[in-house]
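Notes to accompany the following structure.
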Amino acid sequence: MSRPKEIPFTEENAGNNYAEFAVSRKPDGKIKMQRFLFVLLYIAFAVAYCFVFLVLVKMGPVIAILPLFLLIMWFFTWKLTKIEYMYIVTQGYFHVYAYNGYNKAKEVFKEKLSENEGIYPLGDSDYEKFANACEAELDYSAGKNTADRYFAIFRINGKNTAVYFTASSKLLTCMRYFGGENVGVTYVSR
């Protein structure tokens with residue numbers, strides 16, 4: 001997918017300490033439920049369409065364009081179930097943008113990295129206690145059981161909040177530059 005136009009940062013306009021990384025969200029329970037409901041919507045539309053034109057109006061040949069209507073519905077609705085996140089570290093801030101198949105980006109998270117209370121790998125048992133101690137959580141990662149999953153602890157609205165994300169080595173390096181010693185950097189596959 002191409003880069004959304006709503007993201008105001010680019011590597012060409014940023015300085016040396018700039019990192020961006022994009023991931024696609026793996027289908028979880030919520031996305032699978034949306035897809036299931038869309039399939040039910042398609043079936044209900046097809047049944048209602050057939051009922052109207054076969055029983056009420058008695059115009060059987062009009063049924064021939066039903067696949068075209070279903071294709072149009074699928075084209076405009078199925079994109080809503082494809083979610084991607086872009087993480088950007090620039091000028092001391094950690095930005096998270098979410099966008100779907102329509103390529104419309106929306107900033108869902110922004111915090112100053114110097115105000116973090118820790119950025120750690122999620123799979124490490126030494127840091128599990130920090131994630132469990134958080135009062136709230138925001139999940140912007142590729143999925144619950146994916147590789148390179150990290151969490152950052154920020155104080156948001158008076159609560160310690162764990163922000164989950166999928167890390168890359170360049171992203172962690174920039175976070176370490178702006179966030180200091182609170183950033184735990186380990187090996188990541190990207």
Side-chain angles (χ1 to χ4, degrees), residues 1-28 30-31 79 81-157 159-190:
M1 182 175 286
S2 64
R3 181 184 171 87
K5 294 180 179 109
E6 290 85 8
I7 297 177
F9 309 107
T10 59
E11 194 163 1
E12 294 84 31
N13 297 337
N16 292 336
N17 295 311
Y18 175 86
E20 70 179 45
F21 183 59
V23 294
S24 295
R25 179 100 180 159
K26 304 273 189 264
D28 57 359
K30 181 181 174 187
I31 293 174
K79 290 180 178 184
T81 65
K82 295 181 179 189
I83 300 170
E84 294 189 18
Y85 296 112
M86 180 171 285
Y87 317 115
I88 297 175
V89 174
T90 184
Q91 299 172 354
Y93 284 90
F94 179 45
H95 303 267
V96 179
Y97 287 88
Y99 52 101
N100 57 24
Y102 288 110
N103 219 10
K104 296 283 186 190
K106 177 183 174 189
E107 187 174 50
V108 293
F109 182 78
K110 175 186 174 183
E111 280 296 322
K112 195 170 190 172
L113 280 167
S114 62
E115 297 173 358
N116 78 70
E117 297 183 20
I119 300 175
Y120 308 111
L122 189 61
D124 197 337
S125 60
D126 296 338
Y127 303 119
E128 288 288 329
K129 60 185 175 197
F130 298 126
N132 295 334
C134 290
E135 303 164 64
E137 62 181 41
L138 299 170
D139 191 2
Y140 303 122
S141 66
K144 293 238 184 253
N145 297 320
T146 55
D148 304 333
R149 195 162 181 236
Y150 269 66
F151 67 96
I153 302 172
F154 290 100
R155 196 127 184 91
I156 302 172
N157 298 330
K159 295 180 182 178
N160 276 351
T161 304
V163 179
Y164 297 99
F165 63 97
T166 304
S168 71
S169 59
K170 185 173 182 182
L171 189 72
L172 288 174
T173 303
C174 283
M175 287 180 152
R176 177 82 178 214
Y177 179 79
F178 291 113
E181 297 297 319
N182 290 340
V183 181
V185 177
T186 60
Y187 173 77
V188 290
S189 60
R190 301 176 202 164

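Within a 6.0 Å sphere centred on CD of E128, heavy atoms belonging to other residues, nucleotides or ligands number more than 12. Within 6.0 Å of CG in N132 there are more than 12 heavy atoms belonging to other residues, nucleotides or ligands.
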Mind listing the side-chain donor-acceptor pairs of residues 107-122 below 3.5 Å, one per line with the distance, residues two or more places apart or on another chain?
unit_1: E107; atom_1: OE2; unit_2: H95; atom_2: ND1; d: 2.6
unit_1: N116; atom_1: OD1; unit_2: G118; atom_2: N; d: 2.9
unit_1: N116; atom_1: ND2; unit_2: L113; atom_2: O; d: 2.5

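When all heavy atoms of A162 and F151 are compared, the closest pair comes out as CB-CD1, 4.5 Å. Residues Y85 and S141 approach most closely at CE1-O, 3.7 Å, considering heavy atoms. Of all heavy-atom pairs spanning A19 and C174, the tightest one is CB-SG, 3.7 Å.
For the side chain to side chain donor-acceptor pair (under 3.5 Å) test, no residue two or more places apart in sequence or in another chain qualifies with T166. Residues meeting the ring-ring contact (aromatic ring centres under 6.0 Å, His included) test with Y87, sequence neighbours left out: F165. Applying the side chain to side chain donor-acceptor pair (under 3.5 Å) test to T81 and every residue at least two apart in sequence or in another chain returns R35. F21 meets the ring-ring contact (aromatic ring centres under 6.0 Å, His included) test with no other residue; sequence neighbours excluded. By the side chain to side chain contact (heavy atoms under 4.5 Å, CB included) test, A22 pairs with M86, Y99, sequence neighbours left out. Scored by the side chain to side chain contact (heavy atoms under 4.5 Å, CB included) test, K30 finds D28 as partners (sequence neighbours excluded).
Counting heavy atoms from C-beta on, the side chains of L171 and V89 come closer than 4.5 Å. Considering only heavy atoms from C-beta on, I88 comes within 4.5 Å of Y18 through its side chain. Contact annotation: the side chain of N160 approaches that of R155 to within less than 4.5 Å [non-hydrogen atoms, C-beta and beyond]. For the pair F178/F94, no side-chain contact is recorded, criterion being any heavy-atom separation below 4.5 Å from C-beta on.
Each salt bridge (Lys or Arg N to Asp or Glu O under 4.0 Å) pair with one or both residues in residues 135-145, not counting sequence neighbours, appears once here: R25-D139, D139-K144, D139-R149.
Residue R176 holds its CZ atom at 14.0 Å from CG of N17, rounded to the nearest 0.5 Å. Atom OG of S168 is separated from atom CD of E20 by 10.0 Å, given to the nearest 0.5 angstrom.
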